Number of protein chains: 2
Amino acid sequence: MPIYTAASLKAELNEKGWRLTPQRETILQVFQNLAEGKHLSAEDLYYMLQNEGEHISLSTIYRTLKLMARMGILRELELAEGHKHYELNQPYPYHHHHLICVRCNKMIEFKSEPILKIGSKTAQKEGYHLLDCQLTIHAVCPTCQRSLLPA
Amino acid sequence: MPIYTAASLKAELNEKGWRLTPQRETILQVFQNLAEGKHLSAEDLYYMLQNEGEHISLSTIYRTLKLMARMGILRELELAEGHKHYELNQPYPYHHHHLICVRCNKMIEFKSEPILKIGSKTAQKEGYHLLDCQLTIHAVCPTCQRSLLPA
DNA sequence: CAGAAAGTTGATAATCTTTCTAATTAAGTG
DNA sequence: CACTTAATTAGAAAGATTATCAACTTTCTG
Ligand SMILES: [Mn+2]
Ligand SMILES: [Mn+2]
Ligand SMILES: [Zn+2]
Ligand SMILES: [Zn+2]
């Protein structure tokens with residue numbers, strides 16, 4: 001049961017004077033078909049599409065990911081060093097946050113209704129229109145704590 | 001009343017087999033003398049030091065910012081497109097979060113004890129050693145909502 | 001006080017991301 | 001279905017960040 005259909009994406013884009021292109025539709029579909037807890041980098045998406053016979057240039061992929069994040073359709077995450085990851089920005093019962101080990105990048109997702117409420121309330125109080133709120137917890141996982149490596 | 005002195009930084013570095021260098025001490029000092037609500041990019045820091053007659057190479061600056069973020073001394077923030085910002089990672093009464101307009105990058109800091117508690121509790125439950133937790137709210141500010149520009 | 005071992009720096013190369021531009025394409029109009 | 005207009009794309013260039021490596025510094029050993 002996808003949140004966005006091609007039609008609703010088109011409507012939202014046109015509202016701002018933008019256009020629905022095959023590239024944008026394809027990229028949205030990839031994220032809607034993505035398994036829970038999966039996150040894609042720009043390169044992941046690029047090669048995933050290549051394997052399916054679709055060619056979308058890397059610059060279009062980067063541009064589209066940014067655009068959809070700014071629209072509130074995708075979330076941009078810093079899960080690992082060196083590159084960003086993206087996932088669908090889903091509403092309440094699916095909305096979640098991330099706990100990340102700064103050493104090995106192991107990541108755990110968790111939900112919190114109170115945080116979502118604080119986020120909404122804070123945005124509202126300042127007159128901001130909320131797109132997404134994400135708690136990022138940086139920490140050291142049990143394994144890395146035990147590790148003797150100084151890194 | 002700085003949290004870290006040169007001595008305590010040295011102690012924490014040595015504990016992991018690392019060393020306190022003049023460059024690291026200088027960079028820590030810059031952040032400790034930074035006004036509340038200020039955030040620095042790697043380039044900001046680079047040119048700020050140049051103006052004070054200190055030369056630290058950009059690669060050392062990037063390396064040190066990463067190191068201190070992984071140690072929990074600094075926080076790495078995505079406040080604007082294209083580059084990261086850093087600030088001191090301060091404990092409870094100073095600990096705060098960020099509300100950001102995705103269009104104009106206007107940013108508001110706010111505090112929340114409940115979020116800090118949820119963050120600590122979540123890390124603890126999973127056996128993670130907490131370094132930092134930051135709520136990032138992406139939204140559209142009142143001015144940009146009124147703006148007719150489609151961007 | 002040598003000499004060895006390990007960490008750090010600065011310069012450079014590699015990688016990731018954003019910006020720029022000419023050619024193309026979606027959307028609106030008659 | 002032309003035709004106009006403005007947004008979008010692909011590719012190249014520029015910018016930001018990370019990785020690599022030789023020279024240097026600090027710490028440890030004998
Ligand atoms: Mn997730
Ligand atoms: Mn701040
Ligand atoms: Zn770990
Ligand atoms: Zn704004």
Side-chain angles (χ1 to χ4, degrees), chain A residues 6-7 9-28 39-47 49-50 54-71 74 76-86 102-103 105 148-151, chain B residues 6-7 9-28 39-47 49-50 54-71 74 76-86 102-103 105 148-151:
Chain A
L9 176 60
K10 178 170 159 54
E12 192 161 329
L13 285 164
N14 290 349
E15 191 184 325
K16 298 194 173 79
W18 299 335
R19 293 170 186 173
L20 178 62
T21 62
Q23 290 90 341
R24 288 174 182 178
E25 194 174 336
T26 300
I27 290 173
L28 177 65
H39 308 82
L40 296 180
S41 70
E43 280 215 336
D44 291 341
L45 182 53
Y46 180 73
Y47 288 114
L49 289 170
Q50 295 258 303
E54 305 253 14
H55 177 79
I56 300 181
S57 75
L58 253 178
S59 56
T60 295
I61 287 183
Y62 275 109
R63 211 182 311 113
T64 304
L65 291 172
K66 273 290 180 224
L67 174 73
M68 290 186 175
R70 287 168 52 107
M71 290 175 71
L74 298 180
E76 191 177 62
L77 309 169
E78 296 275 332
L79 300 181
E81 289 310 313
H83 55 276
K84 290 166 183 160
H85 281 176
Y86 295 83
V102 299
R103 302 225 187 128
N105 292 324
L148 292 180
L149 293 170
Chain B
L9 176 60
K10 178 169 160 56
E12 193 161 328
L13 285 164
N14 289 348
E15 191 184 324
K16 299 195 172 77
W18 300 333
R19 294 169 186 171
L20 178 62
T21 63
Q23 290 91 338
R24 289 173 180 177
E25 194 174 337
T26 300
I27 290 173
L28 177 65
H39 307 83
L40 296 180
S41 70
E43 279 216 335
D44 291 340
L45 181 54
Y46 179 74
Y47 288 114
L49 289 170
Q50 294 260 303
E54 304 255 13
H55 177 80
I56 301 180
S57 75
L58 253 178
S59 53
T60 295
I61 287 184
Y62 275 108
R63 211 182 310 112
T64 304
L65 291 173
K66 271 292 177 223
L67 174 74
M68 291 187 175
R70 287 168 52 109
M71 290 176 70
L74 298 180
E76 192 177 61
L77 309 169
E78 296 275 332
L79 300 180
E81 290 308 314
H83 55 276
K84 290 167 183 158
H85 281 172
Y86 294 83
V102 298
R103 302 226 186 128
N105 292 325
L148 294 178
L149 293 171

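Convention: sequence-line order gives letters A, B, ...; per-chain numbering from 1. Model, not experiment: these values are computed from the prediction.
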[X] versus [Y], closest heavy-atom pair with distance:
{"X": "His55(B)", "Y": "Gln50(B)", "value": "ND1-NE2, 2.6 Å"}
{"X": "Arg103(A)", "Y": "Arg70(B)", "value": "CA-NH2, 4.2 Å"}
{"X": "Leu79(B)", "Y": "His85(B)", "value": "CD1-ND1, 3.6 Å"}
{"X": "Leu20(B)", "Y": "Leu13(B)", "value": "CA-CD1, 3.7 Å"}
{"X": "Arg19(A)", "Y": "Asn14(A)", "value": "CA-OD1, 4.0 Å"}

Distance check needed: [N] [atom2] versus [X] [atom1], whole Å only.
{"X": "Gln23(B)", "N": "dT26(D)", "atom1": "CD", "atom2": "P", "answer": "10 Å"}
{"X": "Lys84(A)", "N": "dT18(D)", "atom1": "NZ", "atom2": "P", "answer": "10 Å"}
{"X": "Glu43(B)", "N": "dT17(D)", "atom1": "CD", "atom2": "P", "answer": "8 Å"}
{"X": "Tyr46(B)", "N": "dG15(D)", "atom1": "OH", "atom2": "P", "answer": "15 Å"}
{"X": "Leu45(B)", "N": "dA16(D)", "atom1": "CG", "atom2": "P", "answer": "15 Å"}
{"X": "Leu40(A)", "N": "dC16(C)", "atom1": "CG", "atom2": "P", "answer": "15 Å"}
{"X": "Leu13(B)", "N": "dT8(C)", "atom1": "CG", "atom2": "C1'", "answer": "12 Å"}
{"X": "Leu49(A)", "N": "dA10(D)", "atom1": "CG", "atom2": "C1'", "answer": "15 Å"}

(Q) Can you pull out the residues from residues 57-67 of chain B that lie within a 4.0 Å heavy-atom distance of DNA chain C? (A)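 Per residue number, the list reads Ser57(B), Ser59(B), Thr60(B), Arg63(B).
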Quick one: list whatever passes side chain to side chain donor-acceptor pair (under 3.5 Å) with [X], sequence neighbours left out.
{"X": "Glu76(B)", "answer": "Lys66(B), Tyr86(B)"}
{"X": "Asp44(B)", "answer": "Ser41(B)"}
{"X": "His39(B)", "answer": "Glu87(B), His98(B), Glu109(B)"}
{"X": "Glu54(B)", "answer": "none"}

Q: Let me have a per-nucleotide readout for nucleotides 25-30 of chain C, 5' to 3', with B, S or -, counting only protein heavy atoms under 4.0 Å.
A: BBS---
